[in-house]
K.L.:
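Mind looking over this structure? Questions follow.
Reminder, nothing fancy here: chain letters follow the sequence lines and each chain counts from 1. Any value given below was found using the heavy atoms of this structure, including those in side chains, with hydrogens, waters and symmetry copies removed.
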Amino acid sequence: MSRQIKAPRGTFDVLPDDVPLWLKLEAASREAFGRYGYSEIRTPLVEETRLFVRGIGEATDIVEKEMYTFPSKGRDDSISLRPEATAGIVRAYIQHNFHKKAPLQKLAYMGPMFRYERPQAGRQRQFHQVGVEVLGTHMPEADVETIALALDVFKGVGLLDVDLKLNTMGCTKCRDHYRAAISEYLAERAGGLCGDCRRRMERNVFRVFDCKVEACRGLLEGVSSIDEYLCGDCATHFDGVVRLLDELDIEYRRDNFLVRGLDYYTRTVYEFAHSALGARDAVGGGGRYDNLVEELGGPPTGAVGFSIGSEATLLAVADRSTGGSSEGEGFQALAALVMVDESVKRVAFRLLGELRCRGISADMPFEIKSMKAQMRAANRRRARAAVIIGPGELDRGRVKVKDMAGGEEIEVEIGRIVDAVSEILARPAL
RNA sequence: GUGGGCGUAGCUCAGAAGGUUAGAGCGCCAGGUUGUGGCCCUGGAGGCCGGGGGUUCGAAUCCCCUCGCUCACCCCA
C-alpha cells in the first residue's frame with residue numbers, strides 16, 4: 001500500500017463517471033464564448049520563467065514558492081509550468097503582433113494550471129481554469145461584458161446563485177495614494193494587528209483586507225474607501241462599470257475590501273463566490289490589467305479578463321445536485337449482444353460490426369460467460385436492447401431482440417436486425 | 001511552511017478497559033431458473049486493520065516514528 005504508485009499529491013484522475021460533468025462545463029463555456037464573440041486560444045503549458053516573474057510579480061507567493069520551475073534541457077533558460085493563463089496569452093498577443101494587426105482581441109481559454117501548494121477543498125496543484133481576456137480596449141463595456149459572460153458560463157452549468165463582488169483598485173497612481181494612506185492608518189494601530197497582518201504590512205498591505213482575525217477586522221472598519229483616492233478617470237471608469245451592470249440587471253455587491261491575488265490588476269476587480277464551498281468560496285474572479293501588456297514588452301494596451309476555477313465550480317455544482325440521485329432508471333441507447341454459446345461467436349461479431357456501421361451503439365463480451373452473466377452485464381450497462389444469438393435461431397436465419405425496459409422479446413430475421421434494434425432504441429423512456 | 005481530524009474488504013463504515021477464526025451494508029462472483037437481466041433467497045471470493053519500530057505471553061486496539069488522505073491557516077482559482 002505504502003509503496004504503491006499514486007497520482008502525485010494535489011493531482012487527481014477524472015474518472016469516467018465524472019467526465020460528463022467536465023464536458024458539461026467545457027461545453028457551456030464554449031457555447032458562451034461563441035455567443036459573446038470570443039475565440040479560443042491555446043498557449044503552452046510551459047513558458048519561460050521570466051514571463052511569469054515579470055507578469056505576475058517577483059515578490060508574489062506564486063512566483064516565489066508556488067511555481068514548478070526547472071531548467072530546460074539544452075541551452076534554454078529556466079522554464080515554468082504556467083500558474084495562470086493571462087501572462088501566456090498576453091505574450092502570444094505581443095508575439096504575434098496582434099496589437100498591430102487587430103488590436104482588439106477577445107480570447108478564451110481553458111486548461112490546466114499548476115501551483116505548488118498544500119491541497120485543500122477546491123484547491124489542487126494541478127487545477128483547471130476557464131477564462132477570457134479582452135485585449136485592446138479601456139472601455140467599461142468590456143469589463144461588464146466579461147462579467148456577463150462569466151455569469152452565463154455559471155448559468156450554463158446550472159449555477160444560478162453565484163454572488164458577484166465588485167471593487168476598483170484604481171490606476172497605479174490612485175493605488176499608490178491609497179496604499180500610503182492605508183499603511184499609515186494601520187501603522188498607527190499595528191499593535192492591534194495579528195502577526196500575519198504585521199507581516200502583510202511589509203509585503204502587501206492590501207492583504208490585511210481579507211484577514212479573518214476578529215481584531216484585525218475591527219480595525220479595518222475604520223479605514224477609508226478607495227473612492228476618496230480615485231483620480232477622475234478611474235472614478236469615471238468605475239461609474240461606467242456600475243452603470244452598465246445596472247443596465248444589464250446584474251446584481252453585485254460593492255466590496256471595498258476585495259483585493260485580487262495577482263499584482264497586475266488595475267481599476268475593476270471582481271470575484272464570484274458560492275456559498276456551498278467553505279473557506280475558499282471563490283469560483284472565479286477577474287479584473288482589468290491595463291499595464292500588463294506594456295510590462296511584457298508591448299504597447300500600452302487596455303485589457304480585462306476573468307478566470308473561473310473548474311474544480312471549485314464543479315464542486316458547487318455537485319453540491320446543488322445532492323439528494324436527487326435518479327440512478328438506475330434510465331436506459332442507454334445501447335444494444336448488448338448476448339451469445340448462447342461459443343458456436344455463435346463469429347456470427348455475433350459480424351452482426352456487432354454491422355450494427356456499429358449502421359450507427360447503433362452496440363457491444364458484446366470478449367469472453368463468453370453464462371447467459372445469465374451476460375444479461376446481468378447488459379442490465380448493468382443499462383442497455384435498452386439485448387440481441388440474443390443462439391444456434392437454434394441461427395439455423396432458421398434469425399436472432400432474438402429484447403427490450404430490456406419492457407421485457408418483451410421478438411424473433412427477427414438476421415437481415416432485419418438493424419431495424420428491429422433501432423425500433424426498440426427509439427421507444428420512449430419508461 | 002504551520003495546525004487539527006482521519007487511515008480496518010472494491011466503496012461507506014462498525015470493532016479499541018489488549019485475548020485466540022476481524023465484522024456489517026452496498027458492490028462483485030456463482031447458484032436458485034442445464035438459453036434470459038432488474039426484485040427476492042442462498043452461498044462464495046475478497047483484509048500485511050497505511051508502513052516501520054517498541055511494550056506485552058498476546059496488539060487493529062497501548063507508545064514512538066513515518067507515509068498518506070483530509071480540513072483549516074499562509075496564499076489563492
K.L.:
Need to verify one output field. Residue with the more 5' nearest nucleotide on RNA chain B, Gly10(A) or Gly309(A)?
P.N.:
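So the residue in question is Gly10(A).
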K.L.:
Establish, with yes or no, whether the OP1 or OP2 oxygen of A72(B) is under 4.0 angstrom from a side-chain nitrogen or oxygen of Gln120(A).
P.N.:
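For Gln120(A), the contact criterion (side-chain N or O under 4.0 Å from OP1 or OP2 of A72(B)) is met.
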K.L.:
Measure from the side chain of Arg200(A), starting at C-beta and using heavy atoms only, and say which of U36(B), C76(B), C74(B) lies closest.
P.N.:
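That would be C74(B).
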K.L.:
Separation of Lys6(A) atom NZ from U70(B) atom C1', in whole Å?
P.N.:
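Atom-to-atom, Lys6(A) to U70(B), this comes out as 12 Å.
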K.L.:
Can you tell me how far P in C26(B) sits from the matching atom in C6(B), rounded to whole Å?
P.N.:
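Their P atoms lie roughly 28 Å apart.
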K.L.:
Please table the atom pairs, donor to acceptor, closer than 3.5 Å between any side-chain atom in residues 20-30 of chain A and protein atoms at least two apart or in another chain.
P.N.:
residue, atom, partner, partner atom, Å
Ser29(A), OG, Leu25(A), O, 2.7
Arg30(A), NE, Glu40(A), OE1, 2.7
Arg30(A), NH2, Glu40(A), OE2, 3.1

K.L.:
Using the P atom as the point on both nucleotides, what is the distance between G19(B) and U61(B), in whole Å?
P.N.:
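It comes out at 11 Å once rounded to the nearest Å.
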K.L.:
Looking only at N and O atoms, is any donor in the side chain of Glu66(A) or the base of G1(B) less than 3.5 Å from an acceptor on the other one?
P.N.:
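Side chain to base: no pair below 3.5 Å.
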K.L.:
Hey, can you tell me if Tyr116(A) and Tyr68(A) have their rings parallel, tilted or perpendicular (30° and 60° cut-offs)?
P.N.:
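Geometry flag for Tyr68(A) against Tyr116(A): perpendicular rings.
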K.L.:
C73(B), OP1 or OP2 - any side-chain N/O from Lys212(A) closer than 4.0 Å?
P.N.:
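Yes, such a contact exists.
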K.L.:
Take atom CD of Glu117(A) and atom C1' of A77(B), then tell me their distance rounded to the nearest Å.
P.N.:
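Value for this atom pair: 9 Å.
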K.L.:
Looking at the base of U36(B), is there any donor atom on it, or on the side chain of Lys372(A), that sits under 3.5 Å from an acceptor on the other one?
P.N.:
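Such a pair does not exist between side chain and base.
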K.L.:
Rounded to whole angstroms, how far apart are CD on Gln374(A) and P on C29(B)?
P.N.:
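One finds 13 Å between P of C29(B) and CD of Gln374(A), rounded.
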K.L.:
Taking 4.0 Å as the cut-off, does a side-chain nitrogen or oxygen of Arg380(A) come that near to OP1 or OP2 on G37(B)?
P.N.:
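Arg380(A) to G37(B) OP1/OP2: no side-chain N or O under 4.0 Å.
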K.L.:
Classify the side chain of Asn379(A) and the base of G37(B) as holding, or not holding, a donor-acceptor pair under 3.5 Å.
P.N.:
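Answer yes: a donor N or O sits under 3.5 Å from an acceptor.
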K.L.:
Contact class for Arg384(A) (heavy atom, under 4.0 Å): base, sugar-phosphate, or nothing?
P.N.:
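Nothing, no heavy atom under 4.0 Å.
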K.L.:
Give one of base, sugar-phosphate or nothing for Ala405(A), where a contact means two heavy atoms less than 4.0 Å apart.
P.N.:
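The answer is base, as Ala405(A) lies within the cut-off (heavy atoms under 4.0 Å) of a base atom.
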K.L.:
If we check side chain to side chain donor-acceptor pair (under 3.5 Å) with Tyr270(A), which of these qualifies: Asp143(A), Asn167(A), Thr146(A)?
P.N.:
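Among Asp143(A), Asn167(A), Thr146(A), the one that satisfies the side chain to side chain donor-acceptor pair (under 3.5 Å) with Tyr270(A) is Thr146(A).
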K.L.:
Rounding to an integer number of Å, can you tell me how far Lys400(A) NZ sits from G37(B) C1'?
P.N.:
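About 15 Å, once rounded to whole Å.
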K.L.:
Just how far, in rounded Å, is P of C73(B) from CG of Asp210(A)?
P.N.:
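Taking CG of Asp210(A) and P of C73(B), I get 11 Å after rounding.
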K.L.:
Can a cation-pi geometry be assigned to Arg267(A) and Tyr265(A), taking NZ or CZ under 6.0 Å from the six-membered ring centre and within 45° of the ring axis?
P.N.:
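Cation-pi check for Arg267(A) and Tyr265(A): fails.
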K.L.:
For the P atoms, the ones on C49(B) and on U21(B), what distance do you get once it is rounded to whole angstrom?
P.N.:
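These two P atoms come out 14 Å apart once rounded.
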K.L.:
Between atom CG in Asp196(A) and atom P in A72(B), what is the gap in whole Å?
P.N.:
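Interatomic distance, CG of Asp196(A) to P of A72(B): 17 Å.
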K.L.:
With Asp61(A), which of Arg199(A), Arg203(A), Arg115(A) fulfils salt bridge (Lys or Arg N to Asp or Glu O under 4.0 Å)?
P.N.:
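Exactly one pass, corresponding to Arg203(A).
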K.L.:
Looking at Arg260(A), does any N or O in its side chain come under 4.0 Å of the phosphate oxygens OP1/OP2 on A77(B)?
P.N.:
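Yes, such a contact exists.
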K.L.:
Given C29(B), C76(B), U36(B), which nucleotide is nearest the side-chain atoms of Arg207(A)?
P.N.:
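The nucleotide sitting nearest to the side chain is C76(B).
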K.L.:
CE of Met371(A) versus P of A30(B): gap in Å, rounded?
P.N.:
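Interatomic distance, CE of Met371(A) to P of A30(B): 14 Å.
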K.L.:
Would you indicate what Glu393(A) reaches in the nucleic acid, counting non-hydrogen atoms under 4.0 angstrom: base, sugar-phosphate, or nothing?
P.N.:
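Base contact - Glu393(A) has a heavy atom under 4.0 Å of at least one base atom.
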K.L.:
If I take atom CD1 in residue Ile56(A) and atom C1' in nucleotide A77(B), what distance separates them, rounded to the nearest angstrom?
P.N.:
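About 12 Å, once rounded to whole Å.
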